Amino acid sequence: MYNCLGEICVLILSAVLLFNTFFSFSFKERKNVCFLLCVVCILLSTLANIISIYRIEHFDPKSIALSTAITSIFFLFLGLIPFVFASYAFEFLSLPQKFKMAFRIARLIPFSVYLITLALNLKFNLIFRYDPVDGYVRGSLKNITYIETAFYAALILMAVFCSRKTLSRHIKLTFVIYPILGLCISSIQFFSTYLVMTGTTSFATLLLVYLSVQTDLLEYDMKTGLLTERNLEKVLRKNPKGFLCVISIENYGMLEDRMGVYDFNALMIKLYSNLNSSFGRSAYQIGANKVAIFSNDFAAQKKYVAEFFERFEIFSTADGLSHKIDFLAAFLELPQNAENYENAMELVNNLLASARKNKRQKFIYCDQSYVDELNRAKKICAILDRELNFDSKQFQVYFQPIYSVSEKRFVHAESLARLVGTEIGDIMPTEFIPLAESKGFIERLGNVVFEKVCDFIARNKNVVEFVSVNFSVEQMVSPKVVEFVLSTIEKFGIEPRNIVIEITESIFIKDFDMIRRNMLRLSGEGLKFALDDFGTGYSNFANVISLPFQTIKIDRSFVLMMKKKVKIQRLVKSLVHTFKENCLEILVEGVEDDEQDEMIKGVGADYIQGFLYAHPIPEREFLSVIKNANSN
């Protein structure tokens with residue numbers, strides 16, 4: 001008699017695992033195919049084993065041929081399991097070239113011997129036979145399955161050892177424990193014929209691999225049913241030829257907040273199901289609010305996306321409320337527009353950013369100008385990375401003189417960063433400053449400018465009273481900004497009063513408390529502060545009064561409006577008066593003609609900055625301008 005309860009459990013669990021495996025992987029990689037074959041072999045061997053045991057316990061001499069066939073099928077799949085497991089394990093190993101052929105041959109030999117033995121069993125009864133009187137009888141090579149399993153276990157351990165330098169600790173442990181676990185359970189079966197654990201041995205090792213390795217390779221998003229971004233990356237790396245469309249739900253977060261969990265999830269399932277039914281394994285989930293379609297049919301993509309937007313732009317929930325979905329779609333061709341996955345995703349993000357600027361644009365197609373723009377941005381970033389240092393000749397500081405209305409001369413200047421003479425020519429600040437901000441260079445840029453300004457002041461004392469330096473939000477929220485500023489001033493031997501730190505209104509949307517502490521500490525050391533671009537939207541009088549500003553710079557937009565409307569002139573005059581009552585000096589920037597100059601002087605500005613007086617100019621030219629202007 002045999003106890004088959006374990007085999008029945010394994011049969012059920014392997015069927016569940018087969019279902020999960022089939023719907024969780026795309027089988028575009030051999031490791032996933034090997035794992036699927038492992039599950040199938042265990043399922044079929046367990047099923048054949050249960051049927052075979054039933055026929056042994058209810059032996060009928062009339063059906064010896066059928067019983068022999070079923071048991072042979074069981075042994076066939078039982079011998080196939082360790083071979084397929086070894087093939088699966090080898091997919092993860094990076095064997096040295098000198099060992100590859102040896103391991104391939106070693107992997108084929110035991111299974112080939114096993115198959116020959118199983119074929120010969122039909123005539124010579126080497127493994128088993130059915131006797132009309134005694135029923136099932138074991139043969140002289142009855143333990144060949146144990147020998148084969150032990151051989152493959154040793155082979156895997158050897159392969160792991162040879163590949164140890166190229167394997168993560170996680171993979172190494174898994175494939176070391178895997179054969180050891182199989183041998184331990186097999187030994188129980190070897191010494192106990194009552195407990196049938198053949199399927200248990202295979203399934204236990206399979207489950208170990210699934211839980212520790214294979215789940216990390218899941219290619220379907222469990223929530224949406226779409227293939228994951230990692231799978232898209234693999235596809236594009238293997239064959240980057242086709243058309244990529246990325247659909248972005250721009251108001252994803254707002255919809256989630258307004259609709260509630262149930263209705264929102266129902267909407268997402270409906271959207272993703274529609275994508276899945278139309279494109280199947282060509283549709284990918286690449287973020288909470290983005291999906292991608294990669295196919296060879298550009299016309300079908302465009303047609304589908306247009307219909308998709310039209311169908312789902314307005315979505316009504318069960319309670320009758322309607323919600324508008326803001327879609328954007330970016331299209332590009334690979335490899336013409338992008339050579340690899342990273343370039344494609346970078347280009348997609350640029351395309352979507354461009355579409356967001358144009359509120360009416362729902363579709364954006366990549367052309368050469370976008371590719372050129374992206375490539376230029378990469379070159380500029382490389383130049384920034386190379387040139388953002390104190391000794392750089394290409395990263396320079398220009399100075400724009402600032403005119404004092406009361407003294408009728410240039411008393412100080414603003415420092416401005418410039419990239420000149422690079423391999424792609426001079427690069428305007430309007431181009432490299434946003435890139436520095438988005439790519440993480442801005443703090444480094446600001447620090448280099450500050451060092452160069454301190455060096456300039458040290459070499460040209462008494463030329464101007466002070467120089468203003470623009471500080472970014474990233475610099476002002478840094479806990480090291482105070483130490484950096486004071487140590488740099490000390491290093492170059494200048495006075496804190498020689499420096500004015502300019503910060504823009506946008507700084508107030510960051511960590512206000514940290515910025516305030518840093519400003520107060522620096523102000524206490526003698527540095528001055530100016531609020532740049534006042535009037536562009538973020539600051540208020542409470543912020544201005546509570547922080548240690550000495551100067552308010554009124555934005556050029558006010559100058560342009562003053563020329564058109566008398567009301568704006570009165571407003572600016574009122575602002576100037578209010579600030580002066582609070583002991584603040586007023587600097588107006590962007591003055592370009594005589595009419596504007598007269599207006600600015602009329603509203604009571606203390607300082608004027610603009611092209612009418614001087615453009616930003618290099619150090620040598622600046623020194624000449626200051627000398628000539630102030631000597632007259």
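Every value quoted in this text rests on a predicted model; they were computed, and no experiment measured them.
- Annotation for P132 and F59: closest pair O-CE2, 3.7 Å, computed over non-hydrogen atoms.
- Taking a 6.0 Å sphere around CD of E339, one finds it holds 12 or fewer heavy atoms contributed by other residues, nucleotides or ligands.
- Under the 6.0 Å cut-off for aromatic ring centres, F327 and F308 qualify, their centroids lying closer than that.
- Counting all heavy atoms, side chain and backbone alike, A355 lies closest to I364 at N-CD1, 4.0 Å.
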Worked check of salt bridge (charged side-chain N to carboxylate O under 4.0 Å, His left out) between R444 and D385 = CA-CA 9 Å; R444 184 174 152 196; D385 191 35; 3.0 Å; yes
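- More than 12 heavy atoms of other residues, nucleotides or ligands lie within 6.0 Å of NZ in K378, so this atom counts as buried by the packing criterion.
- Side-chain atoms of S273 do not come within 3.5 Å of backbone N or O of K270 as any donor-acceptor pair.
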Apply the test ring-ring contact (aromatic ring centres under 6.0 Å, His included) to residues Y252 and F264: give CA-CA distance (whole Å), side-chain angles for both, the deciding distance (0.1 Å), then the verdict.
-> CA-CA 9 Å; Y252 182 92; F264 180 75; 5.0 Å; yes
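- Under the 4.0 Å criterion applied to side-chain N and carboxylate O atoms, E342 and R237 are assigned as salt-bridge partners.
- F294 approaches K241 most closely through the heavy-atom pair CZ-O, 3.6 Å.
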F111/Y152 under ring-ring contact (aromatic ring centres under 6.0 Å, His included): CA gap, chis, key distance, verdict = CA-CA 9 Å; F111 183 61; Y152 278 115; 7.7 Å; no
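- For residues 112-130, the salt bridge (charged side-chain N to carboxylate O under 4.0 Å, His left out) pairs, not counting sequence neighbours, are R129-D131.
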For ring-ring contact (aromatic ring centres under 6.0 Å, His included), just list the numbers for F363 and F309, CA-CA rounded to whole Å, side-chain angles, deciding distance to a tenth of an Å, and then say yes or no.
-> CA-CA 10 Å; F363 300 83; F309 283 12; 5.2 Å; yes
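- Using cut-offs of 30° and 60° for the angle between ring planes, the F90 and F103 rings count as perpendicular.
- Residues F83 and Y114 place their aromatic rings such that the two centres sit no closer than 6.0 Å.
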Given the rule in the side chain to side chain donor-acceptor pair (under 3.5 Å) test, do N337 and E333 qualify, once you have shown the distances and angles that lead to the verdict?
-> CA-CA 5 Å; N337 300 142; E333 185 177 2; 6.0 Å; no
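- Among T71, T68, N125, the one residue that satisfies the side-chain hydrogen bond (donor to acceptor under 3.5 Å, both in side chains) test with Y130 is T71.
- Residues Y284 and R281 come closest through the heavy atom pair OH-O, 3.4 Å.
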